[in-house]
Amino acid sequence: MMTKKSIFILMALLPLCLQAQFKYDLDILKEKYKAYNAVFLEKEAHLLLDFKEGEVVASQNVKEQILILNQHTKAFSNDNIFYSGFTGVRDINAKTYVPAGEKFDEYETNNFKETHDISTSIFYDDSKLIHFTYPNVQKGAVTSLQYHVDYKDKRFFRKFFFQSFIPCMHSKFVIKYHKNIVMDYRMFHGENLPYEFTEYKKGKYKYMVWEATKLPELKTGNDNFNILYYSPHIIPILSEVKYKGVSKSFYGNMKDLYAFYYSNIEGLKTESADLKVFVEELLEGVEGDDEKAKTILYWVQDNIKYVAFEDGMRGFVPNSADKVFEKRYGDCKDMTSIIKSMMDCAGLPCYYAWVGTRNLPYSYKELPTIQTDNHMVAAYLNQDSLIVMDGTIRHLKFGQVPDHIQGKDILLSINKDEYKIFRLPVLPYYQNQIVDSIQIQIDQKMVSGKGKRSHVGYNRMELAYALYDQNEERLKKKLNKILNKGNNKCTVSNYEISPLQDREKSIDIHYEFQVDDYIRSYEDEIYLNLNLQREYKNFKADTTVSIAPIGNDFHFTKTDVTSLEIPSDYELKYLPKNSSYSNKQFGFNIVYKTEDNKVILEKSINFQFLNLPKSEFTNWNKMIKQLNKAYRETIVLKHQEN
């Protein structure tokens with residue numbers, strides 16, 4: 001029987017019990033982290049692998065608790081849980097604990113809305129998200145989330161990220177696995193992470209545990225750069241399974257990965273009578289292997305519509321070439337399938353190939369799993385040359401590596417038992433160019449002129465995508481933006497554009513323009529800044545916050561040539577000094593000169609990096625500072641009396 005004394009003791013301990021469900025003194029945390037909107041109390045994931053009826057089953061428990069520190073609650077009120085056809089989510093428990101004196105009131109989320117998580121670049125995929133809102137989120141409250149993930153395919157384990165964009169008091173990842181299972185893992189960017197790793201055995205299970213405390217927020221400063229390049233994370237790998245005395249390699253090396261990939265193409269139907277007849281007609285009169293391969297690639301790029309479709313294993317298995325040929329659309333795998341078949345019909349050496357875009361920072365050597373690649377292409381081998389044939393890149397010149405896979409590993413399927421891995425090259429900056437050459441005149445405060453702008457390499461491809469299939473109104477708006485000079489009072493007129501479809505030639509734009517209210521004058525002098533285009537003037541890197549690299553799509557150089565005809569009643573009084581900055585990864589050069597009655601400015605800027613690390617930010621900022629100083633320079637023209 002419970003006495004009055006025992007009831008009193010229970011009531012006295014109740015607030016302590018409620019407080020104890022959070023491992024920390026929340027009042028202390030509120031003071032320590034008052035400069036932040038919120039802080040993670042717990043960020044945990046427990047991965048379990050066991051046997052059930054002779055098969056490996058895998059599941060994961062996730063737990064997250066966030067303490068809200070101020071009135072800025074919107075970012076923490078809504079949450080999502082992502083999953084796909086390879087995983088299932090169950091037992092979701094989402095709550096808000098709201099302080100009420102010495103205790104917490106508990107509010108449970110009951111409304112969960114499931115939707116498809118379709119990327120803007122994908123027509124359909126099986127990725128889904130469960131959206132929900134924590135009730136009554138306010139300053140001092142704690143949001144709590146727990147759920148269970150079931151893995152239908154053990155190749156698709158989730159990554160575990162230790163840090164977040166708010167501080168984290170406790171981050172923990174556990175792998176618990178049966179003693180007859182061999183687990184492996186890869187950790188990335190853990191060099192400066194203050195974590196503890198323990199490994200032990202208990203009963204029939206083995207454990208690997210990573211634990212870190214009092215982690216600062218993940219500072220990026222670059223929202224467009226993939227966090228995989230700098231955020232500490234772990235990728236679990238199921239390497240080997242032992243059952244009834246028999247060991248079977250599952251997913252621990254390149255041999256296992258390639259076996260899985262080959263199984264997805266092994267049953268493809270490659271022969272098609274209709275396609276063979278079509279290829280013969282398409283290549284009639286075409287001489288040389290390269291010209292034939294080019295003709296095939298351009299036909300696929302121009303006639304097979306890119307429609308990304310990912311649904312379970314359809315994210316890995318291409319459609320047969322005859323099906324793609326009939327429907328005239330497909331994703332990267334389908335385009336690879338039809339290119340491979342058309343090349344086979346033409347008797348040209350071509351292979352299925354897998355490659356990761358630069359959104360993924362991994363190589364096959366460090367991570368031999370499906371998380372290293374996300375794209376499929378055909379690979380044409382002509383003697384010692386490897387030419388990537390990517391049907392999804394409409395305006396890319398034959399022989400050029402698509403810009404989004406430069407510098408990446410590419411995996412070629414030679415036959416069932418043989419594969420090869422190559423490292424794709426990075427196209428040098430001088431093969432990707434923009435040259436904008438203008439001749440200008442001045443009239444009171446207005447500058448007017450004619451220009452020719454040429455794009456080659458990847459710059460050509462980008463411009464072709466920007467201008468392709470635009471109506472006249474949209475085309476004019478785009479050209480006014482691309483060709484803008486001086487200020488927001490610039491207008492472009494009388495433009496002519498060379499054919500966008502001819503990938504072998506540069507895209508040239510001939511145009512006229514005028515810029516009102518640009519020239520400054522005082523008494524009998526005119527002050528004119530010949531830097532009518534001032535790219536990258538606001539591109540200073542924040543060295544105090546950002547740890548993410550500065551990303552660049554490709555190496556390139558931009559050249560501007562501005563030629564001013566000096567009015568007959570003026571003479572040149574001041575010509576700015578030349579300016580330059582150069583290192584191995586970036587630089588600029590600005591040169592002023594005079595010819596006859598003209599002043600000419602030649603400016604070039606070159607970038608020779610894809611990912612610029614933080615260690616180079618100081619030098620980058622030196623260049624930007626010097627470039628901005630050069631941008632402020634003006635020539636001075638003085639009026640001459642007749």
Side-chain angles (χ1 to χ4, degrees), residues 120-121 224 294 297-298 300-303 305-306 357-358 388 390-406 426-439 449-486 488 490-513 515 532-537 539 551-562 586 588 602-610:
T120 55
S121 62
N224 295 323
K294 181 194 302 183
L297 175 63
Y298 288 172
V300 171
Q301 290 177 346
D302 291 339
N303 294 278
K305 184 178 180 181
Y306 176 59
T357 65
R358 284 177 32 235
V388 173
D390 189 340
T392 69
I393 311 296
R394 184 184 186 102
H395 299 284
L396 187 68
K397 179 181 176 181
F398 177 79
Q400 288 184 335
V401 176
D403 64 303
H404 65 308
I405 60 174
Q406 291 179 94
V426 176
L427 204 63
Y429 74 99
Y430 52 81
Q431 292 188 24
N432 306 306
Q433 292 193 44
I434 299 174
V435 178
D436 200 350
S437 181
I438 59 176
Q439 299 81 43
K450 297 180 179 180
K452 177 186 176 183
R453 184 177 174 114
S454 298
H455 288 230
V456 298
Y458 294 139
N459 295 104
R460 184 206 184 281
M461 177 193 70
E462 281 194 335
L463 185 62
Y465 270 112
L467 303 183
Y468 180 75
D469 203 22
Q470 302 291 326
N471 61 40
E472 188 62 30
E473 182 179 354
R474 292 176 62 185
L475 179 63
K476 186 175 182 179
K477 287 182 179 179
K478 284 182 176 289
L479 288 176
N480 270 282
K481 184 176 181 180
I482 293 169
L483 302 172
N484 183 71
K485 305 284 190 294
N488 59 6
C490 176
T491 56
V492 176
S493 60
N494 298 328
Y495 51 81
E496 293 182 1
I497 307 171
S498 61
L500 302 180
Q501 294 80 6
D502 192 347
R503 301 166 177 84
E504 307 299 313
K505 297 180 180 179
S506 64
I507 296 178
D508 299 329
I509 306 174
H510 294 268
Y511 63 98
E512 297 178 7
F513 70 96
V515 187
L532 272 71
Q533 299 177 86
R534 302 172 197 176
E535 300 98 335
Y536 311 108
K537 67 177 183 179
F539 270 50
N552 187 33
D553 289 340
F554 47 81
H555 297 191
F556 73 94
T557 181
K558 168 79 185 317
T559 301
D560 293 317
V561 179
T562 302
F586 47 82
F588 76 89
E602 295 180 352
K603 178 188 70 179
S604 64
I605 300 175
N606 70 82
F607 290 174
Q608 301 183 58
F609 66 88
L610 298 179

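Every heavy atom of this structure was used, including side-chain atoms; hydrogens, water molecules and symmetry mates were not.
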Pick one: which of Phe556, Phe586, Phe539 meets ring-ring contact (aromatic ring centres under 6.0 Å, His included) with Phe607? Phe556
Can you tell me how far apart CD1 (Ile507) and CD1 (Ile509) are? Round to the nearest 0.5 Å. 7.5 Å
What distance separates Asp469 CG from Asn471 CG, expressed to the nearest 0.5 Å? 9.0 Å
Output yes when a side-chain donor or acceptor of Gln301 lies under 3.5 Å from a complementary backbone atom of Ile393, and no otherwise. yes
The reported gap from OG in Ser454 to NZ in Lys505 (rounded to nearest 0.5 angstrom) is 13.0 Å
Main-chain N/O of His455 paired with Asn459 side-chain donor or acceptor, under 3.5 Å: no
Let's go through Asp390 and Leu297 carefully: what are the C-alpha distance in whole Å and the side-chain angles of both, what is the deciding distance for side chain to side chain contact (heavy atoms under 4.5 Å, CB included) to 0.1 Å, and is it a yes or a no? CA-CA 8 Å; Asp390 189 340; Leu297 175 63; 5.7 Å; no
Could you check whether any side-chain heavy atom of Tyr458 comes within less than 4.5 Å of a side-chain heavy atom of Val401, counting everything from C-beta outward? yes
When you measure from the side chain of Gln406 to the backbone of Leu427, do you find a donor-acceptor pair of N or O atoms at a distance under 3.5 Å? yes
Can you see which heavy atom on Ser506 is nearest to which on Ser498, and at what distance? O-OG, 3.6 Å
Flag side-chain contact, heavy atom, 4.5 Å: Thr559 against Ile434: no
Main-chain N/O of Val492 paired to Asn480 side chain as donor or acceptor, under 3.5 Å: yes
Should we say atom OH of Tyr465 is surrounded by more than 12 heavy atoms from elsewhere, each under 6.0 Å from it? yes
For Arg358 and Asp553, indicate whether the former's side chain and the latter's backbone hold a donor-acceptor pair under 3.5 Å. yes
Determine whether the side chains of Arg394 and Tyr468 contain a donor N or O and an acceptor N or O closer than 3.5 Å. yes
Do Lys452 and Val561 have side chains that approach each other closer than 4.5 Å (heavy atoms only, starting at C-beta)? no
Grab the two heavy atoms, one from Phe554 and one from Glu462, that are nearest each other, plus how far apart they are. CE2-OE2, 3.5 Å
Would you say the side-chain atoms of Arg460 and Gln433 include a donor-acceptor pair closer than 3.5 Å? no
Just checking, is any N or O donor in the side chain of Asp436 or Tyr511 under 3.5 Å from an acceptor N or O on the other one? yes
Check whether any side-chain heavy atom of Lys450 sits under 4.5 Å from a side-chain heavy atom of Ile438, and report yes or no. no
Measure the spacing between CZ of Arg453 and CG of Leu479 and express it to the nearest 0.5 Å. 10.0 Å
What distance separates Asp560 CG from Leu532 CG, expressed to the nearest 0.5 Å? 9.0 Å
Distance alone, cut at 3.5 Å: any donor-acceptor contact between the side chains of Glu504 and Tyr298? yes
Treating Ser604 as the side-chain partner and Lys558 as the backbone partner, does any N or O pair qualify as donor plus acceptor under 3.5 Å? no
Using only atom types and a distance under 3.5 Å, with no angle test, would you say the side chain of Asn432 pairs donor to acceptor with the backbone of His555? yes
How long is the straight-line distance from CG of Leu396 back to NE2 of His404, given to the nearest 0.5 Å? 9.5 Å
Nearest heavy-atom contact between Ala464 and Leu500 is O-CD1, 4.2 Å
Please tell me if the side chains of Lys476 and Tyr495 come closer than 4.5 Å, counting only heavy atoms from C-beta onward. yes
Tell me, do Ile497 and Leu475 make a side-chain contact under 4.5 Å, heavy atoms counted? yes
Side-chain heavy atoms of Cys490 within contact of Lys485, under 4.5 Å: yes
With a 4.0 Å cut-off, would you call Glu535 and Lys603 a salt bridge? yes
For a quick test of reading the model, state the closest non-hydrogen atom pair linking Ile605 to Phe588 and the distance between them. CG1-CB, 4.0 Å
